[in-house]
Asks: 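Take this structure, written in C-alpha coordinates, and hold onto it; I'll ask about it next.
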Amino acid sequence: MNKILIIEDELAIAELEKDYLELSGFDVEVETTGDVGARRAVSEDFDLVILDLMLPNMDGFEICRKVREVKNIPVIMVSAKKDDIDKIRGLGLGADDYMTKPFSPSELVARVKAHLARYERLIGTGVRENTAFEIRGLKVDKTARRVFLNGEEKIFTTKEFDLLTFLAENPNHVYTKDELFREIWDMESVGDIATVTVHIKKIREKIEYNTSKPQYIETIWGVGYRFKV
Ligand code: CA
(Lines give C-alpha, C1' and ligand atoms only; values in the text may rest on other atoms or scores of the structure.)
Protein backbone atom coordinates (compact mmCIF):
# COMPACT_ATOMS: atom_id res chain seq x y z
CA MET A 1 0.00 0.00 0.00
CA ASN A 2 1.31 3.44 -0.90
CA LYS A 3 2.12 5.67 2.05
CA ILE A 4 1.35 9.36 1.81
CA LEU A 5 2.41 12.15 4.14
CA ILE A 6 0.27 15.28 4.32
CA ILE A 7 2.00 18.31 5.86
CA GLU A 8 -0.79 20.80 6.45
CA ASP A 9 -1.53 23.06 9.42
CA GLU A 10 -5.24 23.52 8.67
CA LEU A 11 -6.58 20.38 10.28
CA ALA A 12 -9.96 20.50 8.53
CA ILE A 13 -8.26 20.47 5.14
CA ALA A 14 -5.78 17.79 6.20
CA GLU A 15 -8.58 15.55 7.49
CA LEU A 16 -10.60 15.99 4.30
CA GLU A 17 -7.61 15.08 2.13
CA LYS A 18 -6.82 12.14 4.41
CA ASP A 19 -10.41 10.78 4.24
CA TYR A 20 -10.52 10.88 0.46
CA LEU A 21 -7.09 9.35 0.05
CA GLU A 22 -7.86 6.58 2.54
CA LEU A 23 -11.08 5.80 0.70
CA SER A 24 -8.93 5.35 -2.40
CA GLY A 25 -6.81 2.82 -0.55
CA PHE A 26 -3.84 4.88 0.55
CA ASP A 27 -2.15 4.77 3.92
CA VAL A 28 -2.11 8.41 5.05
CA GLU A 29 -0.38 10.28 7.85
CA VAL A 30 -0.72 13.96 8.76
CA GLU A 31 1.76 16.38 10.31
CA THR A 32 0.73 19.92 11.17
CA THR A 33 4.10 21.58 11.69
CA GLY A 34 6.81 22.13 9.12
CA ASP A 35 9.79 20.92 11.10
CA VAL A 36 8.27 17.61 12.20
CA GLY A 37 6.78 17.07 8.74
CA ALA A 38 10.15 17.67 7.09
CA ARG A 39 11.92 15.29 9.46
CA ARG A 40 9.42 12.51 8.75
CA ALA A 41 9.37 13.14 4.98
CA VAL A 42 13.15 12.82 4.84
CA SER A 43 13.68 9.91 7.22
CA GLU A 44 10.60 7.71 6.76
CA ASP A 45 9.51 5.64 3.84
CA PHE A 46 6.70 7.69 2.25
CA ASP A 47 5.82 7.30 -1.43
CA LEU A 48 4.43 10.79 -1.90
CA VAL A 49 4.22 14.06 0.05
CA ILE A 50 1.43 16.63 -0.07
CA LEU A 51 2.95 19.84 1.15
CA ASP A 52 1.27 23.08 2.21
CA LEU A 53 3.30 26.21 1.56
CA MET A 54 2.68 28.24 4.73
CA LEU A 55 3.38 26.17 7.83
CA PRO A 56 4.53 26.79 11.39
CA ASN A 57 8.28 26.37 12.13
CA MET A 58 9.40 25.64 8.56
CA ASP A 59 7.75 26.62 5.29
CA GLY A 60 6.99 24.44 2.29
CA PHE A 61 9.87 25.89 0.24
CA GLU A 62 12.42 24.73 2.76
CA ILE A 63 10.76 21.34 3.23
CA CYS A 64 10.65 20.72 -0.51
CA ARG A 65 14.34 21.57 -0.77
CA LYS A 66 15.22 19.20 2.07
CA VAL A 67 13.18 16.35 0.60
CA ARG A 68 14.75 16.85 -2.83
CA GLU A 69 18.24 16.60 -1.37
CA VAL A 70 17.62 12.97 -0.53
CA LYS A 71 14.51 11.72 -2.33
CA ASN A 72 12.91 11.56 -5.77
CA ILE A 73 9.40 10.80 -4.47
CA PRO A 74 6.57 12.93 -5.91
CA VAL A 75 5.88 16.16 -4.01
CA ILE A 76 2.60 18.02 -4.55
CA MET A 77 2.66 21.57 -3.23
CA VAL A 78 -0.55 23.32 -2.25
CA SER A 79 -1.22 26.93 -1.38
CA ALA A 80 -4.21 29.17 -0.83
CA LYS A 81 -2.64 31.87 -2.95
CA LYS A 82 -2.49 31.54 -6.71
CA ASP A 83 0.33 34.12 -6.76
CA ASP A 84 2.43 31.93 -4.50
CA ILE A 85 1.92 28.95 -6.75
CA ASP A 86 3.10 30.98 -9.76
CA LYS A 87 6.12 32.13 -7.77
CA ILE A 88 7.18 28.69 -6.58
CA ARG A 89 6.68 27.21 -10.03
CA GLY A 90 9.24 29.74 -11.26
CA LEU A 91 11.71 28.82 -8.54
CA GLY A 92 12.17 25.31 -9.84
CA LEU A 93 12.16 23.78 -6.39
CA GLY A 94 11.58 20.34 -7.76
CA ALA A 95 7.97 19.86 -6.72
CA ASP A 96 6.12 17.63 -9.19
CA ASP A 97 2.79 19.43 -9.07
CA TYR A 98 1.13 22.52 -7.65
CA MET A 99 -2.47 23.00 -6.58
CA THR A 100 -4.33 26.12 -5.46
CA LYS A 101 -6.67 25.77 -2.48
CA PRO A 102 -9.57 25.20 -2.43
CA PHE A 103 -9.43 22.20 -4.75
CA SER A 104 -11.80 19.27 -4.98
CA PRO A 105 -10.57 16.24 -3.03
CA SER A 106 -11.26 14.01 -6.03
CA GLU A 107 -8.94 16.20 -8.13
CA LEU A 108 -6.26 15.69 -5.49
CA VAL A 109 -6.79 11.92 -5.50
CA ALA A 110 -6.56 11.85 -9.31
CA ARG A 111 -3.28 13.75 -9.27
CA VAL A 112 -1.85 11.61 -6.47
CA LYS A 113 -2.63 8.46 -8.48
CA ALA A 114 -1.12 9.91 -11.65
CA HIS A 115 2.10 10.94 -9.91
CA LEU A 116 2.48 7.61 -8.12
CA ALA A 117 1.95 5.74 -11.39
CA ARG A 118 4.53 7.87 -13.15
CA TYR A 119 7.01 7.49 -10.27
CA GLU A 120 6.54 3.73 -10.18
CA ARG A 121 7.15 3.51 -13.92
CA LEU A 122 10.28 5.57 -13.37
CA ILE A 123 11.69 3.34 -10.68
CA GLY A 124 10.31 0.22 -12.34
CA THR A 125 8.75 -1.19 -9.16
CA GLY A 126 7.98 -4.85 -9.59
CA VAL A 127 8.10 -4.64 -13.36
CA ARG A 128 11.64 -4.67 -14.59
CA GLU A 129 14.61 -6.22 -12.99
CA ASN A 130 16.73 -3.67 -11.23
CA THR A 131 20.04 -3.17 -13.00
CA ALA A 132 22.46 -1.86 -10.46
CA PHE A 133 26.21 -2.14 -10.05
CA GLU A 134 28.49 -1.33 -7.18
CA ILE A 135 32.15 -0.36 -7.16
CA ARG A 136 33.95 0.24 -3.87
CA GLY A 137 30.93 1.71 -2.08
CA LEU A 138 29.63 3.55 -5.13
CA LYS A 139 26.28 2.06 -6.12
CA VAL A 140 24.63 3.05 -9.40
CA ASP A 141 21.02 1.98 -9.84
CA LYS A 142 20.38 2.30 -13.56
CA THR A 143 16.69 1.46 -13.36
CA ALA A 144 15.86 4.12 -10.80
CA ARG A 145 18.68 6.36 -12.08
CA ARG A 146 19.91 6.87 -8.53
CA VAL A 147 23.45 7.00 -7.14
CA PHE A 148 24.51 6.08 -3.63
CA LEU A 149 27.86 6.47 -1.94
CA ASN A 150 28.21 4.18 1.08
CA GLY A 151 24.44 4.00 1.29
CA GLU A 152 23.89 7.75 1.10
CA GLU A 153 22.02 8.97 -1.95
CA LYS A 154 23.72 11.58 -4.14
CA ILE A 155 21.48 13.61 -6.43
CA PHE A 156 22.64 13.54 -10.06
CA THR A 157 21.41 15.52 -13.05
CA THR A 158 20.52 13.54 -16.18
CA LYS A 159 23.82 14.28 -17.95
CA GLU A 160 25.94 13.71 -14.86
CA PHE A 161 24.24 10.34 -14.43
CA ASP A 162 24.72 9.40 -18.10
CA LEU A 163 28.37 10.40 -18.00
CA LEU A 164 29.15 8.51 -14.78
CA THR A 165 27.30 5.41 -16.00
CA PHE A 166 29.04 5.43 -19.39
CA LEU A 167 32.50 5.72 -17.82
CA ALA A 168 31.78 3.14 -15.12
CA GLU A 169 30.46 0.63 -17.66
CA ASN A 170 33.57 1.04 -19.77
CA PRO A 171 36.22 0.90 -17.08
CA ASN A 172 39.95 1.37 -17.65
CA HIS A 173 39.31 2.86 -21.07
CA VAL A 174 40.62 6.38 -21.59
CA TYR A 175 38.10 8.63 -23.33
CA THR A 176 38.90 12.06 -24.72
CA LYS A 177 36.60 14.97 -23.89
CA ASP A 178 35.53 14.97 -27.54
CA GLU A 179 34.51 11.33 -27.38
CA LEU A 180 32.60 11.83 -24.15
CA PHE A 181 30.84 14.90 -25.48
CA ARG A 182 29.72 13.02 -28.59
CA GLU A 183 28.64 10.03 -26.50
CA ILE A 184 26.61 11.86 -23.87
CA TRP A 185 25.38 15.03 -25.53
CA ASP A 186 23.51 14.87 -28.79
CA MET A 187 24.57 16.86 -31.82
CA GLU A 188 21.93 19.55 -31.27
CA SER A 189 23.10 20.34 -27.81
CA VAL A 190 24.61 23.68 -27.09
CA GLY A 191 27.95 23.72 -25.39
CA ASP A 192 31.32 22.29 -26.16
CA ILE A 193 33.85 19.93 -24.68
CA ALA A 194 34.32 22.30 -21.70
CA THR A 195 30.90 21.00 -20.66
CA VAL A 196 32.52 17.60 -20.11
CA THR A 197 35.10 19.11 -17.74
CA VAL A 198 32.38 20.88 -15.78
CA HIS A 199 30.33 17.71 -15.45
CA ILE A 200 33.32 15.62 -14.38
CA LYS A 201 34.05 18.22 -11.69
CA LYS A 202 30.46 18.06 -10.43
CA ILE A 203 30.45 14.26 -10.39
CA ARG A 204 33.71 14.21 -8.44
CA GLU A 205 32.31 16.63 -5.87
CA LYS A 206 29.53 14.13 -5.28
CA ILE A 207 31.42 10.83 -5.20
CA GLU A 208 35.07 11.48 -4.42
CA TYR A 209 36.41 11.76 -0.86
CA ASN A 210 39.23 13.93 -2.13
CA THR A 211 38.54 15.59 -5.48
CA SER A 212 42.24 16.30 -6.04
CA LYS A 213 43.03 12.58 -5.68
CA PRO A 214 40.04 10.97 -7.37
CA GLN A 215 39.63 7.24 -6.78
CA TYR A 216 36.91 6.70 -9.39
CA ILE A 217 37.36 9.00 -12.36
CA GLU A 218 41.02 9.67 -13.13
CA THR A 219 42.29 12.51 -15.29
CA ILE A 220 44.80 11.35 -17.87
CA TRP A 221 46.61 14.60 -18.56
CA GLY A 222 46.51 15.70 -22.17
CA VAL A 223 44.19 12.83 -23.11
CA GLY A 224 40.97 12.61 -21.13
CA TYR A 225 39.35 10.55 -18.41
CA ARG A 226 39.28 6.96 -17.25
CA PHE A 227 37.11 5.14 -14.75
CA LYS A 228 39.36 3.13 -12.45
CA VAL A 229 38.32 -0.27 -11.17
CA1 CA B 1 -0.97 26.67 5.91
Side-chain angles (χ1 to χ4, degrees), residues 1-125 144-148 151-158 161 206:
M1 192 192 289
N2 284 123
K3 273 182 72 183
I4 296 173
L5 177 64
I6 297 172
I7 310 176
E8 168 66 71
D9 59 332
E10 286 170 73
L11 256 186
I13 293 178
E15 289 299 329
L16 183 68
E17 292 173 356
K18 185 175 193 277
D19 287 349
Y20 269 81
L21 289 164
E22 282 179 346
L23 280 173
S24 300
F26 296 107
D27 184 359
V28 183
E29 306 223 5
V30 173
E31 283 300 335
T32 54
T33 59
D35 51 350
V36 178
R39 194 160 62 233
R40 294 195 62 191
V42 165
S43 63
E44 294 182 30
D45 208 12
F46 290 101
D47 300 295
L48 183 142
V49 177
I50 297 168
L51 184 55
D52 184 31
L53 187 59
M54 299 309 292
L55 291 160
N57 302 337
M58 186 187 292
D59 67 26
F61 293 100
E62 176 94 22
I63 298 171
C64 189
R65 202 178 51 73
K66 283 184 182 294
V67 172
R68 273 294 163 265
E69 278 173 9
V70 290
K71 289 187 182 218
N72 294 326
I73 55 170
V75 174
I76 300 178
M77 285 195 93
V78 299
S79 171
K81 290 190 194 143
K82 172 104 178 39
D83 289 356
D84 286 342
I85 295 287
D86 292 340
K87 215 182 308 165
I88 53 181
R89 230 184 247 282
L91 285 175
L93 282 172
D96 296 271
D97 207 347
Y98 305 90
M99 296 181 80
T100 309
K101 286 190 275 190
F103 44 77
S104 78
S106 52
E107 168 74 13
L108 178 70
V109 170
R111 294 211 199 176
V112 163
K113 284 182 178 169
H115 283 289
L116 284 171
R118 189 186 55 81
Y119 182 64
E120 279 169 14
R121 273 198 306 278
L122 192 72
I123 62 171
T125 306
R145 295 183 67 87
R146 297 169 83 181
V147 179
F148 301 84
E152 188 191 337
E153 181 161 17
K154 302 288 172 179
I155 304 301
F156 271 59
T157 66
T158 305
F161 184 87
K206 292 173 189 181

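As the structure is a computational prediction, the values presented were derived from the model and not from experiment. Note that the numbering runs from 1 along the sequence shown for the chain. Both ligands and their constituent atoms are indexed starting at 1 by order of listing.
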Asks: Closer than 3.0 Å to the Ca ion (ligand 1), which protein N, O or S atoms?
Replies: D9 OD1, D52 OD2, M54 O
Asks: Mind checking whether V78 and E8 have side chains closer than 4.5 Å, heavy atoms only?
Replies: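 Side-chain contact under 4.5 Å: yes.
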Asks: Looking at T32, D9, T33, which hits side chain to side chain contact (heavy atoms under 4.5 Å, CB included) with N57?
Replies: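 Among T32, D9, T33, the one meeting side chain to side chain contact (heavy atoms under 4.5 Å, CB included) with N57 is T33.
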Asks: If you measure from the Lys or Arg side-chain nitrogens to the Asp or Glu carboxylate oxygens, is any gap between R65 and E62 under 4.0 Å?
Replies: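 Looking at R65 and E62, the cut-off is met.
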Asks: Can you tell me if R111 uses its side chain to pair, donor with acceptor, with the backbone of Y98 under 3.5 Å?
Replies: yes
Asks: Is there a donor-acceptor pair closer than 3.5 Å between any side-chain N or O of R68 and the backbone N or O of K71?
Replies: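 Yes; at least one donor-acceptor contact below 3.5 Å.
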Asks: Is there a donor-acceptor pair under 3.5 Å between the side chain of D59 and the backbone N or O of L53?
Replies: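 Flag not set: sc D59 to bb L53 has no pair under 3.5 Å.
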